[in-house]
Amino acid sequence: MTYPFSAVLGMADMRLALLLNAVSPAIGGVLVRGEKGTAKSTAVRALAALLPPVRRVAGCRFGCDPAEPDPACPDGPHPTGATAEIRPARLVELPVGAAEDRVVGSLDLEKALGEGVRAFEPGLLAAAHRGVLYVDEVNLLHDHLVDLLLDAAAMGRSHVEREGVSVSHAARFLLVGTMNPEEGELRPQLLDRFGLTVEVGASRDPEVRVEVVRRRLAADADPAGFAARWADADAEIAGQVAAARRRLSGVRLPDAALRQIAEVCAAFDVDGMRADIVTARTALAHAAWHGRDRVTIDDVRVAARLALPHRRRRDPFDTPGLDEKRLDEALQRAQDAHPDDPDDSGPDDSGPDDSGPDGGGPGGGGPNGGGGPQDHAPSDGEPVDRRGPGPAGPSAADGDAGPTDGPSGTDDDARSADDRGGHAQHVGREAPDRGDDDPRRGRDGGADAQPVAVPRGGLTARLLTAPGVGDGVPGRRSRARTGRGRTTGARVPNGRVGALHLPATVRAAAPHQASRGRLTGPLRLRPDDVREAVREGREGNLVLFVVDASGSMGARQRMTAVKDAVLALLTDAYQRRDKVAVIAFRGTDARTVLPATSSVLAASTRLTELPTGGRTPLAEGLLAAADLLRVERLRDPKRRPLVLVVTDGRATAGTRPLDRAAGAAAVLAATGAPCVVVDCETGPVRLNLARRLATQLNAPHHPLAALTHPPARDAGLPVAA
């Protein structure tokens, strides 16, 4: 049983973003970014129960509305007055490993082979029509699938052209994606396609954490009873959503509000016009949610806080964020520039107010306003929020007024208990006020951002590729057999058929036509005749940096040049959709500075903090690399590694260090992982130890300076010697 939405503690911004999209799906969805243990999935799964039920044409696989059926529906055309049926709004979950045909649909091969007809088998986009499409760990989803989802969400339709089938059907859904930034970022182009984004984090308030555990245990002990306690509160929020939907078309967007939106988007230097459009749609939905018939400056402020932070990110070393002081200054400039505009700084009392911010309607106008769950189902010892309004602005403060204020428990438990209605929550952390020159601020001025290393302007990395053809996950680095790319052959499918290879299928069936009794007419096919296409594209690799951080590397500013080169290589890994890991060796041992991750931002942060000095335990560094590769091969067997050993080749730690380094090189070479030795040795006198290490690893040898160059020149450096 799903955990009730009204019982969720805290996460005011996330709750508000979800509810605004429920009011106006045209906003374009929500991306929820947060650390593990913040119960992102629990809150999203609870949302579907708040959406109004759906009337659809009976038997239509594409969920057509009987009052306005899709004229291009593959199951249509539907006659006027077709029989209707009512079903709850669906929550469709998209698994990370889903194939493209499962997402958009494909040719129904059973009907094609058994009945000789072309029939379309709907995918998850059709199932999610008029409901919620939820993608957990969206940052781990293949880029081309994210593109498909966002295109369908933006256009409200899914177009399928594959295997001789041409289909277009309605696909209007509320798109929600969740992700842990530690596992990697979405590309800025994909971030921009999400309408809103929110950051979530766990609370450190013990009283709230106690209440989270209390509610969680109550839900586990009696799921049905716990849901019943919160049913009235959920019904109130569902009523608010339905009322705001009806009210939305009558909300007015004054010219003053439009100027404020344009001023804010220009002030934050966002690309394109999508930010302006999304902010306007969000402001309209926020006004409708609060029972107003026109957009005010408060609606614009809240909309900008939700719609702009992720659109300010330009490269993998930028962190999403929004300086609220600059936001208020931009809004003030818009008001000062047009003083003759009508005053829209306060709420409009002329419109309907059955759920207004101070009204007596359900929920008091906010997602968690007065009349909240405490009025219906108080729990013993329930804590009172003592924090007061947080930094989220007027609407977030409204949203924090009810018992849903508070933080989260642990998502380790939440993930395993989501299916049982389990729950853990969070409240965004309130950062201390810091000046603009505080070194802890990120590049975009956001508070509490970690300092990160950034590559020098224009410095880019040459392309390094793994030899041969792999079977890894789609990416942009090494050659691989993937689901996308050019067709290179055909094979007998193992399980569900991917892309059909029609000529090979016909060739497989042709020798059996006489034995199947065919003299004339269509070709007689059987399921075992089917062949699927083998395609070659590019894969993403695991790029493992093994970095010498000893005293010899720290001399003569050598480590500065190494960091610049590694940062350029990290940027290249981000663009080519690789995972990265960093091992540093110095003193007497080696340590994994960063486990395998897709987060280039995390890698650059760890690189900033990398200490140098001491002896050079080269053998320990190579053995640590071999051990990490062994573990990652078990975790992600299809992702081929690429090891970059960044060193001058010296080995000075322990007894007989050079001999031990040679033995460790043999161990690393035995893993079969392709390696590259990046030679950092400088000066007129050279020992050529790095070149000798490359020979021991059977790896190519490149001087450090050869790996980077100014933009617009990339001849490529294959790994194979």
Side-chain angles (χ1 to χ4, degrees), residues 1-19 22 32 34 37-51 88-89 91 132 134 176 178 198 200 202-203 205-241 362-364 366-385 387 396 398-411 413-428:
M1 182 171 292
T2 303
Y3 194 92
F5 189 85
S6 54
V8 171
L9 287 176
M11 295 193 296
D13 278 359
M14 176 182 174
R15 290 163 51 86
L16 181 61
L18 291 173
L19 290 169
V32 184
T38 50
K40 303 179 291 291
S41 301
T42 301
V44 173
R45 292 185 178 118
L47 176 69
L50 305 180
L51 301 181
L91 172 69
V132 180
Y134 172 46
V176 183
T178 56
V198 291
V200 298
S203 170
D205 186 338
E207 289 191 53
V208 181
R209 298 175 79 98
V210 166
E211 179 60 18
V212 168
V213 176
R214 180 182 291 118
R215 293 186 185 184
R216 170 63 180 275
L217 294 177
D220 289 347
D222 183 10
F226 186 81
R229 289 176 54 197
W230 297 86
D232 290 344
D234 267 10
E236 289 182 0
I237 298 177
Q240 288 179 266
V241 171
N368 312 309
Q374 281 180 322
D375 298 334
H376 302 278
S379 57
D380 294 337
E382 189 154 300
V384 177
D385 185 10
R387 293 176 296 114
D398 290 342
D400 281 344
T404 58
D405 283 332
S408 86
T410 61
D411 213 20
D413 293 334
R415 287 183 181 275
S416 63
D418 277 346
D419 295 336
R420 306 193 308 270
H423 164 73
Q425 288 317 323
H426 104 282
V427 158

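All values below were derived from every heavy atom in this structure, side-chain atoms included, with hydrogens, water molecules and symmetry-related copies excluded.
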Can you list everything that forms a side chain to side chain contact (heavy atoms under 4.5 Å, CB included) with Ala221? Sequence neighbours excluded, please.
none

Taken in chain and number order and not counting sequence neighbours, the residues that satisfy side chain to side chain contact (heavy atoms under 4.5 Å, CB included) with Ala49 are none

To the nearest 0.5 Å, tell me how far Ile237 CD1 sits from Leu47 CG.
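One gets 10.0 Å once the value is rounded to the nearest 0.5 Å.
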
With rounding to the nearest 0.5 angstrom, report the CG to CZ distance, Asp222 to Arg229.
9.5 Å

Looking at every heavy atom in both [X] and [Y], which two are closest together, and how far apart are they?
X	Y	result
Ala22	Leu51	CB-CD2, 3.6 Å
Ala7	Arg215	O-NH1, 3.0 Å
Ala46	Pro4	CB-C, 4.1 Å
Val198	Asp13	CG1-O, 3.6 Å
Gly34	Lys40	O-NZ, 3.4 Å
Ser6	Ala233	OG-CB, 3.4 Å

Heavy-atom side-chain contact between [X] and [Y] under 4.5 Å:
X	Y	answer
Leu18	Phe5	yes
Leu50	Leu19	yes
Met14	Val44	yes
Asp220	Phe226	no
Tyr3	Arg216	no

